[in-house]
Amino acid sequence: MNLDTKIAIVTGAASGIGLAIAKRYADAGAKVAIADLKLEAAQAAADAINANHPGAAMAVAMDVTDESQVNAGVEAVVARWGGVDVLVSNAGIQIVNPVEAFAFSDWKKMLAIHLDGAFLTSKAVLPHMYAKGSGAILFMGSVHSKEASPLKSAYVTAKHGLLGLARVIAKEGGPKGVRTNVICPGFVRTPLVDKQIPEQSKELGISEEEVVKKVMLGQTVDGEFTTVDDIAEVALFFAAFKSNALTGQSLTASHGWSMT
């Protein structure tokens, strides 16, 4: 599968899963916009990709909760490369707390980044995809798009919401050539996950080792973390898929942590 001549925007792409997807897309022939809140980090990521694929990457400053920044970032990509074929809405954070202790400000922040970000970036790219008569929008969901865990009320709510948004866009975009999918990773060893280990250890009253072995990996079939490369391959599959046959669907990649 390849993405020759395709133009992709990946949010939260300066590190972690987003960066792995951006690199995989460049390897597959795409031009990739590294959209991130941290412009310097995004530029460093773009430079690293360009070292192997000259001219394949550009950096875009983007706060996905700010409509004007999202629109400006998308327009910068269109001005440089002529359109958008693939959006990967990947930007996200994690905050864990029991519901009774979850600050409303944190709740709103979580939903804004995960849900508002997916909505705003989709809204910005859809007219360009419709003009071409084709496109792929991918949301970075989670096993928590389909299941729940303690301490993650806002995250679980947001990730469930992405399934609904993807299905609506699939219904609206299908007749215009735009397909939509949700990637649902299990626990991937990124800074986002590393940050949760001591937090969950404190809240659950267990050791950090137990958090990893029992909470994060206990339900897997092999005790292994999902890797960023695993998720990048799924993102390539959905972006390069040729028809609407899979539109609106989600795919869980979790070493068996979730099988829904």
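Bear in mind that the values here come from a model prediction, so they are computed numbers and not experimental data. Residues take their numbers from the sequence shown, with the count starting at 1.
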Exam field: side chain Asp66 to backbone Gln69, donor-acceptor pair closer than 3.5 Å:
yes
Determine whether His53 and Asp27 satisfy the following criterion, side chain to side chain contact (heavy atoms under 4.5 Å, CB included), listing intermediate values before the conclusion.
CA-CA 8 Å; His53 305 284; Asp27 289 343; 2.7 Å; yes
Less than 4.5 Å apart, side chain to side chain, heavy atoms only: is that true for Asn97 and Leu151?
no
Go through the steps for Lys152 and Gln200 under the test side chain to side chain contact (heavy atoms under 4.5 Å, CB included), then give the verdict.
CA-CA 10 Å; Lys152 297 184 178 181; Gln200 293 207 45; 3.5 Å; yes
Does the ring of Phe104 carry Lys108 above it, NZ/CZ under 6.0 angstrom from centre and within 45° of its axis?
yes
Heavy-atom check, side chain of Thr11 versus side chain of Val88, under 4.5 Å
no
Does either side chain, that of His114 or that of Gln94, offer a donor lying less than 3.5 Å from an acceptor on the other one?
no
Can you name the closest pair of heavy atoms from Ala239 and Arg179 and give their distance?
O-NH2, 2.9 Å
Side-chain donor/acceptor of Lys159 to backbone N/O of Met140, under 3.5 Å:
yes
Can you sort out the partners of Lys176 under salt bridge (charged side-chain N to carboxylate O under 4.0 Å, His left out), two or more places apart, ordered by chain and number?
none
State, yes or no, whether a side-chain contact exists between Ile197 and Met216 at a heavy-atom distance under 4.5 Å.
yes
Taken in chain and number order and not counting sequence neighbours, the residues that satisfy side-chain contact (heavy atoms from CB on, under 4.5 Å) with Ala59 are Leu39, Ala42, Gln43, Ala46
Which heavy atom in Val60 sits nearest to a heavy atom in Gly73, and how many Å separate them?
CG1-CA, 3.5 Å
Pair Lys123 + Glu67, salt bridge at N-O below 4.0 Å
yes
Going hydrophobic residue to hydrophobic residue with side-chain gaps under 4.5 angstrom, can you get from Val84 over to Val32?
no
Leu162, Leu87, Ile169 screened by side chain to side chain contact (heavy atoms under 4.5 Å, CB included) with Thr180, the one that passes
Ile169
Donor-acceptor contact present, side-chain Tyr25 to main-chain Ala235, <3.5 Å
yes
Between CG of Leu115 and OG1 of Thr65, what distance do you get to the nearest 0.5 Å?
12.5 Å
Under 3.5 Å donor-acceptor, Glu210 side chain and Ser207 backbone:
yes
Side chain of Thr121, backbone of Gly117: donor and acceptor closer than 3.5 Å?
yes
If I compare all heavy atoms of Ile7 with all of Gly83, which pair ends up nearest, and what's the gap?
CG2-O, 3.2 Å
To the nearest 0.5 Å, tell me how far Asn52 CG sits from Asp47 CG.
12.0 Å
When clusters are formed by joining ILVMFWY residues with side-chain heavy atoms under 4.5 Å apart, either directly or through shared neighbours, do Val10 and Trp81 land in the same one?
no
Just by distance, do the side chain of Asp85 and the backbone of Gly135 share a donor-acceptor pair under 3.5 Å?
no
With rounding to the nearest 0.5 Å, note down the distance linking SG in Cys184 to CD in Glu147.
10.5 Å
Hey, does Thr220 have a side-chain heavy atom less than 4.5 Å from the side chain of Phe225?
no
Any donor-acceptor N/O pair, Ser201 side chain to Ile206 backbone, under 3.5 Å
yes
Mind listing the closest non-hydrogen atom pair of Asn2 and Ala240 along with its distance?
O-CB, 3.8 Å
Side-chain heavy-atom pair Leu111, Asp116 within 4.5 angstrom cut-off:
no
Is the closest side-chain donor-acceptor distance between Thr227 and Asp230 under 3.5 Å?
yes
Are side-chain heavy atoms of Phe238 and Leu246 found at a separation under 4.5 Å?
yes
Does either side chain, that of Ser250 or that of Lys146, offer a donor lying less than 3.5 Å from an acceptor on the other one?
yes
Within the side chain of Asp63, is there an N or O that forms a donor-acceptor pair under 3.5 Å with the backbone of Leu37?
no
For the residue pair Val212 and Leu217, establish whether any side-chain heavy-atom pair is separated by less than 4.5 Å.
yes
How about Thr260 and Ser258: does a side-chain donor come under 3.5 Å of a side-chain acceptor?
yes
Path from Leu192 to Met62 over hydrophobic side-chain contacts below 4.5 Å
no
Can you name the closest pair of heavy atoms from Thr226 and Ala253 and give their distance?
OG1-O, 3.3 Å
Under a 3.5 Å distance rule, please check whether His160 uses its side chain to pair with a backbone N or O of His144 as donor and acceptor.
yes
So do Ile93 and Ile95 actually touch side chain to side chain, heavy atoms under 4.5 Å?
yes
Give the cluster check for Ile183 versus Phe139: same hydrophobic cluster or not, with ILVMFWY residues linked at side-chain heavy-atom distances below 4.5 Å.
no
Interatomic distance, CG@Leu251 vs CG@Asn181, rounded to 0.5 Å, equals 8.5 Å
